[in-house]
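Note sheet for the following structure.
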Amino acid sequence: MPNETFETIKARVDNDPVHRTVDVPKINIDLSFTGILQRLDELMDAAHASGQLAPTDHQQLKAATAQARTVLCKVDMNKLKATLRAQPGLRFGRRLTPT
């Protein structure tokens, strides 16, 4: 194999591709407003614990995310999702036009 040319290797792969089956654990990501804020809190806690975030900054960020969480809990996520599905321009911040 070390002396094979690119063309030989390509022909072998084209004619007899290697298929591997792997088990990959499913990753569940909470993309809700509160889920994102929860992850932000976890990152801030880690930054604070490692000394990368000052205690006062940590407390200010915690207070800000708590306030944001309080406000965002008022949003009906199902209604918002339906609106975004119906109006893709809102979802992407601009109107989609064919090129």
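Side-chain atoms are counted along with the backbone in the values below, which use heavy atoms only and exclude waters and symmetry mates.
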Check: Is there a donor-acceptor contact under 3.5 Å from the side chain of H48 to the main chain of H58?
Finding: no
Margin query: Is there a path of hydrophobic side-chain contacts, each under 4.5 Å between heavy atoms, that joins L31 and I27?
Written below: yes
Checklist line | Point-to-point distance, once rounded to the nearest 0.5 Å, from CE of M77 to OG1 of T34 | finding: 8.0 Å
Next item on the list: Flag the pair D14 and K10 as a salt bridge only when some basic side-chain nitrogen lies within less than 4.0 angstrom of an acidic carboxylate oxygen.
Entry: yes
Note to self: Using a 3.5 Å distance criterion without hydrogens, assess whether the side chain of D16 forms a donor-acceptor pair with backbone atoms of R12.
What the structure shows: no
Next item on the list: Flag the pair D76 and K81 as a salt bridge only when some basic side-chain nitrogen lies within less than 4.0 angstrom of an acidic carboxylate oxygen.
Entry: no
Next item on the list: Determine, using the 4.5 Å side-chain heavy-atom cutoff (strictly less than), whether L40 and I36 are members of one ILVMFWY cluster.
Entry: no
Check: Given side chains that start at C-beta, do those of E7 and I9 come closer than 4.5 Å, heavy atoms only?
Finding: no
Check: What is the distance from atom CG of D41 to atom CG of L61, rounded to the nearest 0.5 Å?
Finding: 9.0 Å
Next item on the list: Rounded to the nearest 0.5 Å, what's the gap from CG on D57 to CD on Q52? Could you check?
Entry: 12.5 Å
Checklist line | Atom CD of E42: over 12 foreign heavy atoms under 6.0 Å | finding: yes
Check: So does R39 pair up with D30, basic N to acidic O under 4.0 Å?
Finding: no
Check: Given V71 and F33, is the side-chain contact (heavy atoms from CB on, under 4.5 Å) satisfied, shown in steps?
Finding: CA-CA 10 Å; V71 173; F33 292 139; over 6 Å; no
Next item on the list: Specify the closest pair of heavy atoms between L37 and T65, including all atoms of both residues, with the distance to one decimal.
Entry: CD1-O, 3.9 Å
Check: Nearest 0.5 Å, what's the CG-CD distance between L43 and Q38?
Finding: 10.0 Å
Note to self: Whether the side chain of S50 engages the backbone of A46 through a donor-acceptor N/O pair (distance < 3.5 Å, no angle test) should be reported.
What the structure shows: yes
